[in-house]
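Right, one structure below, let's go through it.
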Amino acid sequence: MLLISTIALVAPLQTVGALQQKVRVIVGVNSREIALHRGKLAEIGAIVGEIPELGAVVLEIPISAVIRIRGLPFVKYVEEDYVIEMIGKTSAPPGKSRPKISLVSYTSSVTVEPGGIGEVSFTLRNSGTADATIIVELRNENSIAIAGKNLVVPAGASVTDNLTFTAPTTPGTYTWSLVVVDAIDRTTVYASGTVTVNVSSSSTQPSSSPDPTYTDTVGWNVKMINATQVWSTSASHGDAAYGYHTVVQVAIVDTGIDYTHRDLSGAVVWCVVSLNATRVFYRGFDLANCADPHGHGTHVAGIVAARLNNWGIAGVAPKSVLYAIRVLDASGKGYASDIARGIVESVKGPDGLVGTEDDADVISMSLGGASSTVLYDAVRYAYSNGAVLVAAAGNSGGSSPVCPACYPEVIAVGAIDRYYAVPSWSNRNPDVVAPGSGVLSTYPGNRHVIASGTSMACPHVSAAVALVQAVRLATGRQKLAPAQMIELIRTTAIDLGTAGYDALYGYGLIDAYRAVSESMTRFN
Ligand SMILES: [Ca+2]
Ligand SMILES: [Ca+2]
C-alpha cells in the first residue's frame with residue numbers, strides 16, 4: 001500500500017519524471033464548501049469524482065502536487081484512493097501432527113425439556129508430546145453435530161469444559177454421542193462416548209423444525225444460526241419471519257448481483273454502480289447495470305435472500321429485499337472512493353434522501369482492505385443515519401479485522417465451519433462468527449456453488465439483522481438503532497471456545513432466533 005505520507009517523504013529524491021507521475025487522491029474538505037473549493041482544486045489536478053455528503057473530492061494529480069494540496073488551508077486530509085478487494089475463497093489449512101487425546105470423563109445422561117437447553121460436560125487429557133487442537137462435538141442419532149467446541153489441549157494437560165445444546169422438541173429418549181476429533185483432520189477421531197438425552201415435556205415449546213411448506217434445500221449454515229426457528233414464527237409474524245417488510249432493505253455492497261438468477265427472483269429492487277473511482281456511476285431501477293460479472297456478489301446475495309420457491313436453496317432471510325450496490329469490478333476490486341460512495345447511496349436509497357423509509361437498513365460488505373478516512377467517514381455517515389453495517393473480518397488469518405470491519409460502528413464477522421471450528425485464514429478478534437467454510441449459494445447462470453471465506457460469513461449476520469428489524473416492525477415496534485443492534489448481536493451469540501469473548505470466536509456464533517426473540521423483550 002502506497003501511503004501519501006511516504007510519497008511526500010520520498011518525492012524530493014525522485015527524478016523529475018517520477019514527480020510528474022499521476023496519483024489518485026481523495027481530498028477531504030468541509031462538505032458544505034465543496035463548490036467553493038472546486039476551482040482551486042481543479043487548478044492543481046483533474047477532478048475525477050465527488051462524494052458531496054462526505055466532503056470528499058477525488059483528484060488525479062502529479063505526485064509532486066501532493067504537498068501543495070496538503071498546504072491548502074481548507075483541506076482536511078489527503079489520502080491515496082487505494083484498492084479494496086472482495087474477501088474471496090481461500091484454500092484449506094495444511095495438516096498437522098496428531099497428539100494423544102483421551103476422554104477421561106463426561107456427562108453420559110442428561111434430562112431436558114423439549115426445545116430446552118441441555119448441558120454435557122467433559123474432561124479431556126492429552127498424554128502426547130504436542131499441543132492438540134481438537135473439536136468436541138455432540139452428535140445426534142443421525143450423526144449430525146448438535147453442538148461443538150474448538151479447544152486446545154496442551155501437551156501433558158487435562159481440560160474440563162462443556163457443551164450446551166438445544167433439545168429436540170419431540171419428547172423421547174435419544175442416543176447421541178460425544179465425539180472428539182482433530183480440528184484439522186476431522187477424520188481422525190480421538191475418543192467418543194454415548195450420551196443418553198431424555199427429553200421429557202413439562203411445557204410446550206414452539207416448533208424448531210424448518211418450514212414444511214417449501215422443498216428448497218436449507219443448508220447446514222442456515223440451520224446452524226437458527227434461522228429456520230425464526231421462519232417458524234411466520235404464523236404470528238407473517239413474512240417478516242422470512243425477512244420481508246416494506247421498509248426493510250439490505251444493501252449488498254459487492255460485485256453486483258445476478259438478478260436474473262431463478263433463486264433470486266424478485267429479490268433485487270434497486271441498483272447503484274460506482275466504479276473506477278466513481279467515474280462510472282449509476283443509480284436507478286435498470287438492474288442490468290448491476291449484473292454480476294464476477295460471481296462473488298451473487299453468492300453473497302443468495303446467502304441473504306435465496307428465495308423459498310421450491311427450487312434450489314433458501315437464504316437466511318428468504319423474502320428479504322436487496323439493493324445491488326456494485327462497487328467492485330469484474331476482478332473483485334474497487335477503490336475506497338467507490339465503496340464510500342456506494343455506502344452513501346445505499347443510505348439515501350432510491351429517493352436520494354436520507355431519513356426516509358427507502359434508506360438501506362443493513363449494509364453488507366464482504367470486502368476489505370486498509371483503513372481510509374473516506375471509508376470511515378462513509379461508515380459514520382451510515383451509522384448516524386440508522387443503517388446497521390456488517391463486514392467480513394478478512395481471510396488473511398490476521399490478528400484483527402480488516403477495514404471496514406475494523407471500525408467500531410461495523411459488526412466484524414469471522415468464519416466457522418460446520419464443525420464449529422475457526423479456519424486458520426479467518427481473521428482473529430471479530431465481533432461474532434458465522435458459517436463461512438463450504439457454504440452453498442447462488443452463482444450466475446442459475447447455478448449454485450460452494451464457497452468459503454469471511455465473505456460468506458458476513459451475509460449471515462446481515463440477514464439476521466434484517467430478520468430482527470422486519471419482525472420488530474411487523475409487531476409494531478421501532479427498528480433498533482445501530483448501537484442497539486450491535487449490542488444485541490453480540491450478546492445473543494452462542495458463546496464458543498473460551499468462556500466469554502475470545503480472539504477466535506469473538507462473542508460467539510450468531511443466533512438469529514435468539515436475536516429476534518430477545519430484541520422483543522429487551523427493547524421497546
Ligand atoms: Ca430457492
Ligand atoms: Ca431515502
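Every number for a ligand or one of its atoms is a count from 1 in the order of the listing.
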Test ring pair (Phe, Tyr, Trp, His ring centres under 6.0 Å) on W311 and H448; report intermediate values, then the result. CA-CA 11 Å; W311 184 81; H448 297 86; 5.3 Å; yes
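Backbone or side-chain N, O or S atoms of N309 reach the Ca ion (ligand 1) at under 3.0 Å. Residue L353: an N/O/S atom is found under 3.0 Å from the Ca ion (ligand 2). Residue side and main chain included, D351 places an N/O/S atom under 3.0 Å of the Ca ion (ligand 2). Here W311 reaches the Ca ion (ligand 1): one of its N/O/S atoms is less than 3.0 Å from the metal. For residue V354, no N/O/S atom approaches the Ca ion (ligand 2) to within less than 3.0 Å. Taking backbone and side-chain atoms together, R307 has an N/O/S atom less than 3.0 Å away from the Ca ion (ligand 1). The nearest N, O or S atom of L308 is not closer to the Ca ion (ligand 1) than 3.0 Å.
Between the side chain of D216 and the backbone N or O of N310, at least one donor-acceptor pair lies under 3.5 Å. Listed for the S517 side chain is a donor-acceptor partner under 3.5 Å among the backbone atoms of Y513.
No other N/O/S atom of D216 lies as close to the Ca ion (ligand 1) as OD2 does. D263 contributes OD1 as its N, O or S atom closest to the Ca ion (ligand 1). Nearest N, O or S atom of D358 to the Ca ion (ligand 2): atom OD1. The N, O or S atom of D359 lying closest to the Ca ion (ligand 2) is OD1.
Under 4.0 Å is where a charged nitrogen must lie from a carboxylate oxygen, and between E53 and K348 at least one such pair does. Using a 4.0 Å cut-off between charged nitrogen and carboxylate oxygen, D263 and R307 do not count as a salt-bridge pair.
With the Ca ion (ligand 2) as the vertex, O (K348) and OG1 (T356) define an angle of 170°, rounded to 10°.
Applying the salt bridge (Lys or Arg N to Asp or Glu O under 4.0 Å) test to pairs two or more places apart or on separate chains, those with a residue in residues 508-524 are R514-E518, E518-R522.
With a 6.0 Å cutoff to the six-membered ring centre and a 45° limit on the axis angle, R472 does not count as a cation-pi contact of F523.
For the pairing with P459, the side-chain contact (heavy atoms from CB on, under 4.5 Å) check across V316, V250, I303 returns one residue only, I303.
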